[in-house]
Amino acid sequence: MAKNLLIVESPAKAKTIEKILGSDFEVKSCYGHIRDLEKDDMGIDIKNNYKPRYIVPEDKQKVVKELKQLAKKSDEVWLATDEDREGEAISWHLCEVLGLDPGSTKRIVFHEITKPAIKQAVGRPRTVDMNLVNAQQARRVLDRIVGFELSPVLWRKMSMKNNLSAGRVQSVAVRLVAEREREINAFKPQSSFKVEAMFTANDVAGKPISFKAEGSKYPDVATAEQFLHQCIGANYKVKDIQVKPTRRSPAAPFTTSTLQQEASRKLGYSVSRTMLVAQKLYENGHITYMRTDSVNLSETAMDDVRNTVQASYGNRYYQSRKYKNKNESAQEAHEAIRPTYMSNTTVPDADAKRLYELIWKRTMASQMADAELEKTVAKIEVSTNKAELAATGEVLKFDGFIKVYREDVDDEDKEGEETAEGMLPPLTVGQQLPLKEMKAIERNTRPLPRYTEASLVKKLEELGIGRPSTYAPTISTILKRGYVEKRDKEGTPRHYKVLTLSKDHITKKTETENIGAEKAKLFPTDLGLVVTDFLKQYFDDIMDYGFTARIEGDFDEVARGKLRWNKMIDEFYNPFKKDVEKTIETAERIKGERELGLDPESGKPVIARMGRYGPMVQIGTAEGEEKPRFAKLKSTQSIETITVDEAMELFRLPRVLGAFEGSDVAVSIGRFGPYIAHDKKFYSLGKEFDPYSITLEEAAPIIEEKRKAKDERTIKVFEKEKIQILRGPYGPYIKVGLRNYKLSKEQQERAADLAIEEVKKIIEEAKANPPKKAPARKKKG
DNA sequence: CAGTGAGCGAGCTTCCGCTTGACTT
């Protein structure tokens, strides 16, 4: 029996550490936080100095029970949770639950799981830092107050009230997406004409090659044409050549956020997929911990990388580098994300292989030499005017880290147009250059691109909002709540002019480009826009991008023992609570209403707003003598941008397409999307069909196909199809309207023989005992 | 599911940050 029990947060770490410490220690994990605030009444005694009421959640009771038993049997318990605010709090909660004295229980920390680091940590135990614990309690209590006060305000004031929520992190994330969308909608492109000239010169082998030189930008077609005119009959001469050596340095090793960004750009992974795959790699011992904000490599890892770089590419390619975190909010409880052993260059599983190799390459490159380049700029003068053209070329002199890895950049960070610079032929000052042709091409400025999941994470990290463990869940939350949608957008064609000077003759052409096409980008929904506007109006301090950074400053004061945590919370709570009360009292129901114009037929106003089931348009108002007409917006439409004409189109539903097999075929949009109605049956319409334009010829085969599929799945029908027994991928089940009910194994076997009485009984029972995931709420009083 | 949208009210929802499995209408 081991005398010592050492507790860490992650079970994968526990295994490794147990091997290092040997038989004197039993190493167990607590699987993160073991206690949380009770849900009733916020779990906080506001009147009693914000005293938190903690409970052990249902899913943690098993692990707590086991730890209690082990702690009793051990002579000494060591707390080795992560070295950050949350880790310190977990240690304190462990003391509270296991009956240990926080003033004397041994608390140790390490940033890397290596023998020397752990041995050293065990040799230097300290006790739980209550100031840091209090900073965490302040963080926890503040987040609970904000979330559990704001969400109910939304339930009261929104017409759509299913599962709405607000919080310090999620609401600001939605705001970012909402504001970007409005910037894009308000964007007015500026056009200008850029001059590009193509010349020819001989390369080293004496073969003529052509290259590009850039001229000035002209504000409009007239000035651009004027310039080309001036160039008619001109001679071109190299006036000046400048050669400048430049260097490029590798990026730092991966953190959670940079891994999510690169996996998104290079592999097209969503942030949650990246984390899922990384978790597998971690559990199998291939990589270090994947939820980290540190760019630091352990010393043993540095040695490992150095040896691998030197052995693979030679010493010239090696350069030792220490990276510093740019982000002040980083807590650096772990290492950067890296392979555990550099000798392991790949892993078997296909999905994991791509991510692992990305991590391996990035880690290698981080300890490699700069790439050395030579940039050449040749200035070319025009004999007929004062203009100057510039030809730029770049040559890679030494590849350095590029041999292994090159980081991609977001569209947002690209400067201007694509400047993929190639090689220039050798040129000499005074050399005459024959012009092939010169163009003035119309270019438009572009708005910032919409966020991807990963670029939103990047932005949140820059603002210090959220933590590595919450980036992926935050994105999931705002998608699940329907504040934000991830989708593609087709581009729209745009014309642009091209003036070409060739053989002393100028021609004008109009060409077409496709602009604004985007893939897997985040769009705010009307719900997201309306909720953001509301929260900004009434809770501008919490919606401020600097709010988290400011309160983090206070948490730091608490951690340093300069500020009492309940005093800090009190200063926040009183004005906040006043805002909540004032909002409940004075704010109107949120509708996001916008009048689009008048219905050309009836002359009544056409209004777009949020309804109970989402964004809608209505003709006329309830006060009028006639009932208003309603229609639901298409998923790509928005209250903010829809026009009267587009709105009028929506009233063309339901449409009767004609008769098929003696019954009318009608198409409409219901709560669950577009559908076809035929012969008293309903068939949902796939995304590839537009209910506003589908024809009878297109609808008929869908009806036949769906009817056939349904017939094949149907086992039994009761009460004119109101109650059905259908065959699903997991066996037979009961369907009543839109609700499904499970059958037991035994009932499934005799599905075809079930009588209506028995089926009804099964439904009754299922209704009486709805499947519950969450533990039953405790009734008070 | 050939539709809804007002207003009332019971009973429900909700936060962020730490960790993994259990779970498949």
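Labels below follow one simple rule: chain letters A, B, ... track the order of the sequence lines, proteins then strands, and each chain is numbered from 1.
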Side chain to side chain donor-acceptor pair (under 3.5 Å) involving A/Lys577 - partner list, sequence neighbours excluded: A/Glu149

Nearest non-hydrogen partners of A/Tyr471 and A/Glu461, listed with the distance: OH-CG, 3.4 Å

5′-ward residue of the pair A/Ile676/A/Gln170 relative to DNA chain B: A/Ile676

Along DNA chain B (nearest heavy atom to each residue), the more 5'-positioned of A/Glu149 and A/Met290: A/Glu149

Between P of B/dT14 and CD1 of A/Ile542, the distance in whole Å: 19 Å

A/Leu37 CG to B/dC15 P, straight-line distance once rounded to whole Å: 14 Å

B/dT19 phosphate, OP1 or OP2, under 4.0 Å from A/Arg291 side-chain N/O: yes

Test side chain to side chain donor-acceptor pair (under 3.5 Å) applied to A/Arg707 - qualifying residues, sequence neighbours left out: A/Glu661

Interatomic distance where CD belongs to A/Gln279 and P belongs to B/dA22 [whole Å]: 14 Å

A/Tyr289 side chain near B/dT19 phosphate (N/O to OP1/OP2, under 4.0 Å): yes

Separation of atom CE in A/Met275 from atom C1' in B/dC18, rounded to whole Å: 12 Å

Main-chain N/O of A/Ser165 paired with A/Tyr483 side-chain donor or acceptor, under 3.5 Å: yes

Watson-Crick or G-U stems involving DNA chain B, each at least 3 pairs long, distances under 3.5 Å, ordered by first number: none

Whole angstrom value for the distance that separates P of B/dC18 from CG of A/Asp84: 6 Å

Test item: side-chain donor near acceptor, A/Thr288 and A/Glu335, under 3.5 Å: no

Sugar-phosphate, base or nothing in reach of A/Arg467, heavy atoms under 4.0 Å: sugar-phosphate

Where protein sits on nucleotides 5-11 of chain B, one letter per nucleotide: B base, S sugar-phosphate only, - none, heavy atoms under 4.0 Å: BS-----

Atom-to-atom span, CD1 of A/Ile465 to P of B/dC16 - whole angstrom: 11 Å

Sugar-phosphate only, base, or nothing, as touched by A/Gly87 at under 4.0 Å among non-hydrogen atoms: nothing

Sugar-phosphate, base or nothing in reach of A/Asp59, heavy atoms under 4.0 Å: nothing

Contacts of A/Tyr683 that satisfy ring pair (Phe, Tyr, Trp, His ring centres under 6.0 Å) - sequence neighbours left out: none

Sugar-phosphate, base or nothing in reach of A/Arg85, heavy atoms under 4.0 Å: nothing

Any residue meeting ring pair (Phe, Tyr, Trp, His ring centres under 6.0 Å) with A/Tyr289, in chain and number order, not counting sequence neighbours: A/Tyr282, A/His334

List the atom pairs, with distances to 0.1 Å, where a side-chain N or O of residues 87-97 of chain A and a protein N or O form a donor-acceptor pair under 3.5 Å, not counting sequence neighbours.
from	atom 1	to	atom 2	distance (Å)
A/Glu88	OE1	A/Arg107	NE	3.0
A/Glu88	OE1	A/Arg107	NH2	2.8
A/Glu88	OE1	A/Arg126	NH2	3.2
A/Glu88	OE2	A/Arg107	NE	3.4
A/Glu88	OE2	A/Arg126	NH1	3.0
A/Glu88	OE2	A/Asp129	N	2.8
A/Ser91	OG	A/Thr81	OG1	2.7
A/His93	ND1	A/Arg35	NE	3.0
A/His93	ND1	A/Arg35	NH2	3.1

Distance in angstrom units between A/Asn163 CG and B/dT13 C1', rounded: 6 Å

Sugar-phosphate, base or nothing in reach of A/Val169, heavy atoms under 4.0 Å: sugar-phosphate

Touch class at under 4.0 angstrom, heavy-atom based, for A/Tyr471 against every strand present: nothing

Separation of atom NZ in A/Lys28 from atom C1' in B/dT20, rounded to whole Å: 15 Å

Phosphate contact (B/dT20 OP1 or OP2) by A/Ser10 side-chain N/O below 4.0 Å: yes

Stacking check A/Phe148 vs B/dC15 (5.5 Å / 30 deg): no

Any A/Ser469 side-chain N or O less than 4.0 Å from OP1/OP2 of B/dC18: yes

Sugar-phosphate only, base, or nothing, as touched by A/Gly167 at under 4.0 Å among non-hydrogen atoms: sugar-phosphate

A/Arg85 side chain vs A/Leu132 backbone, donor-acceptor pair below 3.5 Å: no

Partners passing ring pair (Phe, Tyr, Trp, His ring centres under 6.0 Å) against A/Tyr31 (at least two apart in sequence or in another chain): none

Sugar-phosphate only, base, or nothing, as touched by A/Ser165 at under 4.0 Å among non-hydrogen atoms: sugar-phosphate

Sugar-phosphate, base or nothing in reach of A/Ala89, heavy atoms under 4.0 Å: nothing

Under the side-chain contact (heavy atoms from CB on, under 4.5 Å) test, residues paired with A/Gln61 that sit two or more places apart: A/Val56

